[in-house]
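To start, the structure under review is shown below, and the notes come after it.
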Amino acid sequence: MEIYCDNAATTAVDPEVVKAILPYLTSNYGNPSSSHWAGRKVKEAIASSRQTIAGLLGADTNEIFFVSGATEANNLALSGAINAYEISHVITSKIEHKAVLQTLAVYEKAGDIEISFVKLDDFGNVDLKHLENLLKANPQTLISLMHGNNEIGNITDIAAIGVLAKQYNAIFHTDTTQTIGKLPFNLKEINIDFLVGSAHKFHGPKGAGFIYINKKHKIKPYIIGGGQENGQRGGTENVIGIVGLAKALELSYRSKEVVQTHLAKLKKHFISSLDDLTIGGITFNGESRSVHKSLNNIVSVAFPCLSSGNLVSKLDNLGIAVSGGSACSNLGSGGSHVISAIYKNPDKEIVRFSFSKFNTIEELDFIVKAIISIYQKDRIEEAKDYVQTFNLAS
Ligand code: PMP
């Protein structure tokens, strides 16, 4: 039996997306830059994909640019804004994705920017009052704060941050990789300068994403040559990725309510099953427990350390794919920067379970049974070890 519960890492491609992509792998193979019929067909597909995405997000078509994914989009937004506006100060948080933190670190190391980290509460929520104080003290600022955290699922109020950004004349970039297609927002109504999306997080193909650049900005391309994407990103377009991205987003929007209801049901069921366990010492990270302050598809759990190995690989041995945020100290590996930013006692094993529309309650029940049996075995082994040590000592 194989159970996939690592959907914040990536998702299965929806069969309807596969169907939409197929013609671009077979008959529609032209280069979109060619002026003949074969090129035109593909160029039209890219234009209509752009229109679909812009329409769903409330953007204009000239504000959507296709890139390879959210890492590239975050890099492009941050470096583009820093260079275009000679930004010398950036406000971000310690729980952003590495695509943001490491990009900013390069500029900081070069002496181009100073970084202020906004305060987070014990649950990983952004302190908006502190953000406002930082904005007051620092004119000409770039804010980079994510919408949904990929490890703990926390949702940040980007509409409120957009208001503050406007009030203090700051530029606002938000990493929306985990929320595009899941949470509703209308770019006509909220103030955002840059946001990003990645198809493989919502049942599209890997290696395809987009950046939204508010039309008031003109930033330099990151990849130069060929003039594609209106000069914003050189290189022959990833046509199957783009067509798949648009189809996947369209499907996500079409079934958003149904899928979110299903995910919330899975989340509540899983949390209450873990609450009922007699293992003891199980806690939840960030706002993971909440279905309002946290994404419905992410549950980040802190488990008591096993003495016989780690839970993530034991689950993997049973066919269950989940991801580990940080290891117990006896396992000796480095932990997640997100967990260490919010979690004061990291002597627990952090496991992220992330669901998709394809997961079922039965799968979650199987995972819970697997967890019970892993802990039962571990405690038997621990007791055996104890008896042995006791016998040797006496
Ligand atoms: N930002 C966040 C919040 C993410 O979860 C991810 C994917 N782990 C990325 C950026 C990078 O996305 P991509 O795989 O498309 O480069």
Side-chain angles (χ1 to χ4, degrees), residues 4-13 17 53 64-80 92-106 120 124-126 143-156 158 161 172-183 185 192 194-212 222-223 233 235 238 240-242 244-246 248-249 252 285-288 294-300 321-326 336-339 341-342 350 352-356:
Y4 184 78
C5 257
D6 198 15
N7 291 280
T10 198
T11 54
V13 180
V17 172
I53 293 164
I64 302 293
F65 302 90
F66 294 116
V67 294
S68 67
T71 300
E72 183 185 330
N74 283 330
N75 271 264
L76 175 60
L78 297 171
S79 64
T92 188
S93 86
K94 294 241 162 103
I95 61 171
E96 300 301 307
H97 192 271
K98 291 276 171 74
V100 167
L101 291 178
Q102 291 185 0
T103 304
L104 293 177
V106 169
L120 303 170
N125 298 304
V126 168
I143 305 169
S144 179
L145 289 169
M146 74 203 311
H147 192 195
N149 186 277
N150 48 306
E151 293 196 31
I152 51 177
N154 280 28
I155 299 167
T156 298
I158 52 170
I161 296 173
F172 180 30
H173 158 257
T174 179
D175 180 350
T176 43
T177 311
Q178 292 289 345
T179 54
I180 291 283
K182 296 189 181 79
L183 299 184
F185 52 88
I192 290 174
F194 302 95
L195 67 69
V196 308
S198 185
H200 74 106
K201 304 291 185 184
F202 47 89
H203 304 289
K206 290 166 189 61
F210 69 88
I211 180 171
Y212 158 84
Y222 208 65
I223 299 176
R233 206 257 189 188
N238 172 6
I240 52 170
I242 291 168
L245 163 62
L249 195 61
S252 299
N285 302 308
E287 294 287 1
S288 241
S294 167
L295 291 166
N296 286 328
N297 62 319
I298 293 182
V299 182
S300 173
V322 295
S323 97
S326 126
S336 129
H337 70 284
V338 174
I339 299 298
I342 58 161
I350 309 300
R352 179 188 68 186
F353 302 86
S354 51
F355 317 128
S356 84

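Ligands are counted one by one from 1 in listed order, and the atoms in each one are counted from 1 as well. Heavy-atom basis, side chains included; hydrogens, waters and symmetry copies ignored.
Interatomic distance, CD of Glu151 versus OG of Ser288, reported as 10.5 Å (0.5 Å rounding). With rounding to the nearest 0.5 Å, the separation of OG1 in Thr10 from NE2 in His200 is 5.0 Å. Between the NZ atom in Lys182 and the OG atom in Ser356 there is a gap of 9.5 Å [rounded to 0.5 Å].
Taking a 6.0 Å sphere around NZ of Lys94, one finds it holds 12 or fewer heavy atoms contributed by other residues, nucleotides or ligands.
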Could you list, one pair per line, each nitrogen or oxygen of ligand 1 together with any protein nitrogen or oxygen closer than 3.5 Å, giving atom names and the distance rounded to 0.1 Å?
from, atom 1, to, atom 2, distance (Å)
ligand 1, 1 (N), Asp175, OD1, 3.3
ligand 1, 1 (N), Asp175, OD2, 2.7
ligand 1, 1 (N), Thr177, OG1, 3.2
ligand 1, 5 (O), Gln178, NE2, 2.8
ligand 1, 8 (N), His97, NE2, 3.4
ligand 1, 8 (N), Lys201, NZ, 2.9
ligand 1, 14 (O), His200, NE2, 2.9
ligand 1, 15 (O), Ala70, N, 2.8
ligand 1, 15 (O), Ser198, OG, 2.5
ligand 1, 16 (O), Thr71, N, 3.0
ligand 1, 16 (O), Thr71, OG1, 2.5

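Counting heavy atoms from C-beta outward, Met146 and Ser93 have side chains that stay 4.5 Å or more apart.
For the residue pair Tyr212 and Ile192, the shortest heavy atom distance occurs at CE2-O, 3.5 Å.
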